[in-house]
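Notes for the one structure printed next.
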Amino acid sequence: MPASTVNTDNVFIGGSDYDALYLGPVSATSKLTTLKLYTDVPSDLIAAGWLSDDGVTRGADDSKKALQGHQGHANVVVYMDSSESTLKAEILEHKLQLLKWLLSAKGGDSRLTDADAPDGHKEYVELTAAHSRKIEHLCGVWDTYDTAHDGIKYRYVFPSLDLSERDKMSDKPGGFSSLPCTLDIMKDYRVMTNSPGMLPAAAITPGG
């Protein structure tokens with residue numbers, strides 16, 4: 001019988017209670033360079049909190065083109081026409097800075113008071129949302145933990161994310177008033193994991 005070529009230890013199942021998406025201003029990028037797999041994320045970044053059941057999607061959109069030669073119109077050269085990477089999430093928690101980025105909004109620097117509001121809820125905040133939004137330049141970290149194997153995680157560190165695509169935000173019965181967003185990954189990013197199948201072979205010490 002041939003030896004088995006499968007190993008469930010190498011299967012990663014996301015969706016952990018500890019999964020977390022962090023977003024921050026691009027000015028905080030330098031603080032991400034020292035991050036290791038389990039290093040605490042700098043306080044400059046905001047934990048998005050609850051996400052929709054779809055979690056975070058790391059998108060890859062590649063397109064190729066071919067140049068044909070005269071003889072037989074065969075493909076002579078195939079090249080990458082475009083290659084884009086994205087990070088997509090639907091955020092369920094409403095947090096001030098996250099909403100300001102999504103709406104390209106201003107204000108919200110102080111708490112206001114409404115004497116007519118119910119007791120215990122008299123403080124409020126007011127934003128001025130742009131009717132035409134701009135690209136917000138951010139950075140981020142996505143931590144996702146294996147639900148099948150304790151202590152195993154992936155960490156993605158994004159030094160440059162552009163918030164350029166916003167989706168519909170709806171307030172309707174029986175559904176979340178969520179904050180969907182698509183982030184363009186603008187620079188190379190770091191991927192860290194301690195998943196056993198991803199670890200390189202141990203180095204052999206000379207003379208050992």
Side-chain angles (χ1 to χ4, degrees), residues 12-29 31-32 35 41-63 82-109 111 121 123-147 153-193:
F12 187 90
I13 302 175
S16 163
D17 292 346
Y18 303 104
D19 286 5
L21 174 65
Y22 302 86
L23 296 174
V26 73
S27 58
T29 295
K31 297 184 180 181
L32 304 183
L35 285 184
V41 176
S43 59
D44 304 62
L45 277 69
I46 302 165
W50 278 104
L51 305 173
S52 73
D53 197 39
D54 291 331
V56 168
T57 300
R58 291 172 285 108
D61 185 6
D62 295 338
S63 174
S82 67
S83 182
E84 299 178 359
S85 299
T86 56
L87 197 68
K88 188 173 184 177
E90 188 173 347
I91 301 170
L92 302 185
E93 295 192 26
H94 290 209
K95 296 184 177 181
L96 178 60
Q97 187 57 61
L98 294 177
L99 190 59
K100 288 180 69 173
W101 285 327
L102 281 166
L103 300 180
S104 290
K106 297 179 180 179
D109 301 320
R111 298 187 182 192
H121 302 283
E123 291 185 332
Y124 71 99
V125 65
E126 181 174 333
L127 304 174
T128 300
H131 75 282
S132 179
R133 289 155 301 284
K134 64 179 182 178
I135 295 177
E136 302 287 348
H137 303 295
L138 309 174
C139 63
V141 175
W142 167 234
D143 282 345
T144 181
Y145 297 78
D146 193 337
T147 59
K153 71 175 288 192
Y154 270 83
R155 167 168 279 182
Y156 301 86
V157 181
F158 302 97
S160 181
L161 296 170
D162 275 2
L163 174 57
S164 56
E165 293 183 43
R166 286 84 159 175
D167 206 342
K168 295 178 181 178
M169 303 178 198
S170 59
D171 305 308
K172 58 185 178 181
F176 295 113
S177 296
S178 59
L179 310 175
C181 63
T182 299
L183 299 149
D184 296 315
I185 301 172
M186 303 304 294
K187 290 185 178 180
D188 294 347
Y189 58 96
R190 298 162 60 202
V191 182
M192 291 175 267
T193 184

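Numbers for residues simply follow the sequence, beginning at 1.
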Worksheet item: Should V56 and L87 count as side-chain neighbours, where that means a heavy-atom distance under 4.5 Å?
Response: yes

Response to the item:
Residue pairs meeting side-chain hydrogen bond (donor to acceptor under 3.5 Å, both in side chains), one or both in residues 42-58, sequence neighbours left out, come to K31-D44, R58-Y156

Worksheet, complete the sentence: Those residues at least two apart in sequence (or on a different chain) that pass salt bridge (Lys or Arg N to Asp or Glu O under 4.0 Å) with E126 are none

Fill in: pair L179-H94: side-chain heavy atoms closer than 4.5 Å
yes

Worksheet item: Are the side chain of T29 and the backbone of P159 linked by a donor-acceptor contact shorter than 3.5 Å?
Response: yes

Discussion item. Under the rule for ring pair (Phe, Tyr, Trp, His ring centres under 6.0 Å), what residues qualify as partners of Y22, not counting sequence neighbours?
Written reply: none

Item to complete: Please name all residues satisfying salt bridge (Lys or Arg N to Asp or Glu O under 4.0 Å) with E93, sequence neighbours left out, ordered by chain then number.
Response: K95

Which pairs would a plain distance check flag for residues 128-140, meaning a side-chain donor or acceptor within less than 3.5 Å of a matching protein atom at least two apart in sequence or in another chain?
{"unit_1": "E136", "atom_1": "OE2", "unit_2": "S104", "atom_2": "OG", "d": "3.2"}
{"unit_1": "H137", "atom_1": "ND1", "unit_2": "D162", "atom_2": "OD1", "d": "2.8"}

Worksheet item: So does F12 have more than 12 non-hydrogen atoms from other groups sitting under 6.0 Å from CZ?
Response: yes

Practice prompt. Report yes if the side chains of F158 and L183 come closer than 4.5 Å at any heavy-atom pair, otherwise no.
Written response: no

Practice prompt. Please name all residues satisfying salt bridge (Lys or Arg N to Asp or Glu O under 4.0 Å) with D19, sequence neighbours left out, ordered by chain then number.
Written response: none

Worksheet item: Does K153 pair with D146 as a salt bridge, N-O distance under 4.0 Å?
Response: no

Worksheet item: Hey, does the side chain of S160 reach the backbone of M186 with a donor-acceptor pair shorter than 3.5 angstrom?
Response: no

Discussion item. For the backbone of K100 and the side chain of K106, can you confirm whether one donor and one acceptor N or O come within less than 3.5 Å of each other?
Written reply: no

Discussion item. Counting neighbours of OH on Y124 that are heavy atoms of other residues, nucleotides or ligands and sit closer than 6.0 Å, is the number greater than 12?
Written reply: yes

Discussion item. Side chains of M192 and V157, heavy atoms from C-beta outward: is any pair under 4.5 Å?
Written reply: yes

Discussion item. Between R190 (side chain only) and L35 (backbone N and O only), is there a donor and an acceptor less than 3.5 Å apart?
Written reply: yes

Worksheet item: Is there side-chain contact between C181 and L102, with at least one heavy-atom pair below 4.5 Å?
Response: yes

